[in-house]
Amino acid sequence: MHNINYIRENPTEFDNSMKTRGEKPIAYKIINIDKEKREAQTVMQNLLAERNQLSKIIGKLKSEKKDTINEMAKVEDLKNNINTLKELETLKDDELKAILSRLPNIPDSSTPIGAYEEENVFYREWGNKPNFDFEPKLHFEIGENSNLMNFEIATKLSGPRFVILKGQLSKFERAIANFMLDKHTNLNGYLEIHVPYLVKSETLYGTGQLPKFSDDLFTAGDDHWLIPTAEVPLTSLCSNQILNVNQLPMRVTSYTPCFRSEAGAAGKDTRGMLRQHQFTKVELVSLVEPEQSSDELERMLNCAEGILKDLNLHYRVMTLCTGDMGFGAKKTYDIEVWLPGENKYREISSCSNCGDFQSRRMNTRYKKNDKNIYVHTLNGSGLAVGRTLIAILENYQTLDGNVKIPEVLKKYFDNQDTLF
RNA sequence: GGAGAGAUGGGUGAGUGGCUUAAACCACAGGUUUGCUAAACCUGCGAAGGAGGUAACUCUUUCCGAGGGUUCGAAUCCCUCUCUCUCCGCCA
């Protein structure tokens, strides 16, 4: 949610920001509605003050057994005006909220301006593309050939975009997640949290998925929604709270399934387990003081990159341009891992600084020098477990169709050298 | 799922229609004094807004779980909902 005072004071800058995100100019309209709201409010409050005065007088007169007909008549008049103004104020406030809640965050000054994915900017890379002396297979070829990955059964049970992992592959998924969690909790200072996978619409509003993106979500009825990412419950842990400054920075992590309807992705990535309705992810979330959020984004990116380095997987980091960035983000880095089977880089993590955009929506503040300040929130994948599994299958495959186990994962996988 | 009891500031907790401008205590912050691992005393201490002023500030509205209603006036009365606790039932 945007700070109305900022829009009031910087309408041109605000519209320019929105333009880079594909929105039309709207500051003028917002300011007008806000003005109408405040005018109604001011007049109403003056009348309320008058009513309160009169009520006190009436109380006093009654206790003295005196006549109150004049005062009662005055209050009756006031009441009608108050009700009319109250309705007007509510109307204008609803209008304002409807607009503000659907506008994306203002990009950071360091976010490159652009409309499409192609305009994302290369930030850095690590490692090299591996050399194969045979034609590397795609992850689902390796999976299906070994009979450990099955899409038909999953489709029979749940429809398209689901998968079943069996035996060693199912266990391998678990090993990858455990490795990530151990690293983030033991070395990177994140506190592991077990969160609900169903949340209320109010919670999704706080992180920005609602009201605008309900089509991307699965609902379970009764105001319960399946989480599209653990970012939603983790970021919301301290909603409607005033934290003490010494609770910051707060760093939390969670390993959860994520559920996405992939409504806009019809026909895209239909083969394999790259784009599923359900996948697992280790998520990182930080709540920090405003001055620290830029540094925290770099730190978080390093935590996510560290996993890929440990796994010796080649990747590049892209800075997303304004048009490709998510709704709540001020700045986002995508980590794209190299997939030799596909001969492509593919997103495996996305780390975003949301500034105070989410904390305003969910009302998370901290107290410093007697002031209540909105925290800055950050989230990042550390990493998407399913896609990490894909990356290992494709990068560590051998000619005979087996897969070598990366050194750091062996202790999570009964010290085996190969997948099967 | 059934029955009962509750929800008041950071915490405990008083408050059954106007004398509450939400008491008191604890915690916290600042200060004074005594003098030493502390005590006593004083002061301050919830949130979100609006109007005025260059400003320190002043005035004012709303908020006692949430939303409606009654009333000149609601923490207090009425209705709906949510959550918590206790007991019973069911259950991994």
- Query: For B/rC28, which nucleotide in any strand shown is its Watson-Crick or wobble partner with both distances under 3.5 Å?
  - Reply: B/rG44
- Value in whole Å for how far the P atom of B/rA74 lies from CG of A/Leu48: 10 Å
- Query: Could you give the CG-to-P distance, from A/Asp93 to B/rU62, as a whole number of Å?
  - Reply: 16 Å
- Message: Say we look at B/rC64 and B/rU76: how far apart would their C1' atoms be, to the nearest angstrom?
- Response: 10 Å
- Query: Among side-chain atoms of A/Asp216 and A/Ser261, is any donor-acceptor pair under 3.5 angstrom?
  - Reply: no
- Member of A/Phe413, A/Phe420, A/Tyr396 meeting the ring-ring contact (aromatic ring centres under 6.0 Å, His included) criterion with A/Phe172: A/Phe413
- For A/His224 and B/rU82, what is the distance between atoms NE2 and C1' respectively, to the nearest whole Å? 12 Å
- Message: At less than 4.0 Å, is any side-chain N or O atom of A/Lys367 found next to OP1 or OP2 of B/rG46? Yes or no.
- Response: no
- Given atom CG of A/Leu243 and atom P of B/rA47, what is their separation to the nearest angstrom? 14 Å
- Whole-Å distance, A/Lys200 NZ to B/rA66 P, equals 13 Å
- Query: With both distances under 3.5 Å as the test, what is the Watson-Crick or G-U wobble partner of B/rA92?
  - Reply: none
- d(CZ, A/Arg365; C1', B/rG49) in whole Å: 12 Å
- Query: Considering only the P atoms, how many Å lie between B/rA75 and B/rU62, rounded to the nearest integer?
  - Reply: 9 Å
- Across all strands, who's sitting opposite B/rA74 as a Watson-Crick or G-U wobble pair, both distances under 3.5 Å? none
- Indicate whether any N or O donor in one side chain lies under 3.5 Å from an N or O acceptor in the other, for A/Glu296 and A/Ser286. yes
- Message: What's A/Glu71 touching, base or sugar-phosphate or nothing? Going by heavy atoms closer than 4.0 Å.
- Response: nothing
- Task: Ignoring the backbone of A/Asn372, work out which of B/rA48, B/rG50, B/rC72 is nearest its side chain.
- Result: B/rA48
- Message: Test of understanding: with side-chain contact (heavy atoms from CB on, under 4.5 Å), list the residues that count as partners of A/Thr418, not counting sequence neighbours.
- Response: A/Asn402
- For atom CD of A/Glu39 and atom C1' of B/rU61, their distance in whole Å: 17 Å
- Query: Distance check: side-chain N/O of A/Arg38 vs OP1/OP2 of B/rA51, anything under 4.0 Å?
  - Reply: yes
- Between B/rU70 and B/rC78, how far apart are the C1' atoms? Round to whole Å, please. 7 Å
- Message: If you go through the side-chain atoms of A/Gln45, does one of them form a donor-acceptor pair with the base of B/rG49 closer than 3.5 Å?
- Response: yes
- Query: Over how many whole Å does the gap from A/Glu89 atom CD to B/rG49 atom P extend?
  - Reply: 13 Å
- A/Arg51 vs B/rU62: side-chain N/O to OP1/OP2 distance below 4.0 Å: yes
- Message: Closest approach to the side chain of A/Glu76, judged atom by atom: which nucleotide of B/rC72, B/rU61, B/rG50 is it?
- Response: B/rC72
- For A/Asn46, answer base if it contacts any base atom (sugar-phosphate contacts may also be present), sugar-phosphate if it contacts only those atoms, and nothing otherwise; contact means non-hydrogen atoms under 4.0 Å. nothing
Shorter than 3.5 Å, N or O on both sides, protein versus nucleotides 15-19 of chain B: list them out with atom names.
residue	atom	partner	partner atom	Å
B/rG18	N2	A/Ser55	O	2.5

- Task: Provide the distance between the two C1' atoms, one in B/rG52 and one in B/rG31, to the nearest whole Å.
- Result: 33 Å
- Separation between the P atoms of B/rA7 and B/rG13, rounded to whole Å: 10 Å
- Query: According to the Watson-Crick and G-U wobble definitions, with both distances under 3.5 Å, which nucleotide is paired to B/rG6?
  - Reply: B/rC83
- Item | First encountered from the 5' end of RNA chain B, between A/Asn52 and A/Val75 | A/Asn52
- Mind checking who B/rU16 pairs with, Watson-Crick or G-U wobble, both distances under 3.5 Å? none
- Mind checking A/Lys86 for me? I need base, sugar-phosphate or nothing, with any heavy atom below 4.0 Å counting as a touch. nothing
- More than 12 heavy atoms from other groups under 6.0 Å of NZ on A/Lys367: yes
- Task: Determine, step by step, whether A/Glu173 and A/Thr280 satisfy the side-chain hydrogen bond (donor to acceptor under 3.5 Å, both in side chains) criterion, reporting the C-alpha distance in whole Å, the side-chain angles of both residues, the deciding distance to 0.1 Å, and the verdict.
- Result: CA-CA 9 Å; A/Glu173 211 248 8; A/Thr280 55; 2.5 Å; yes
- Message: Say we look at B/rU20 and B/rU34: how far apart would their P atoms be, to the nearest angstrom?
- Response: 39 Å
- Task: Pick the P atom in B/rG89 and in B/rG15, then give their distance to the nearest Å.
- Result: 36 Å
- Query: Which base sits across from B/rC36 as a Watson-Crick or G-U pair, both distances under 3.5 Å?
  - Reply: none
- Query: Do A/Trp225 and A/Ser214 have side chains that get closer than 4.5 Å, going by heavy atoms?
  - Reply: yes
- Query: Can you name the residues that form a side chain to side chain donor-acceptor pair (under 3.5 Å) with A/Tyr123, not counting sequence neighbours?
  - Reply: A/Glu298
- Query: Does NZ or CZ of A/Arg361 fall inside the cone over A/Tyr205's six-membered ring, less than 6.0 Å from its centre and within 45° of the axis?
  - Reply: yes
- Using atom C1' of each nucleotide, how far apart are B/rG17 and B/rU71 to the nearest Å? 9 Å
- Message: Checking base pairs now: Watson-Crick or wobble, both atom distances under 3.5 Å. What partners B/rA55?
- Response: none
- Mark yes when over 12 heavy atoms from residues, nucleotides or ligands other than A/Glu39 sit less than 6.0 Å from its CD; otherwise mark no. yes
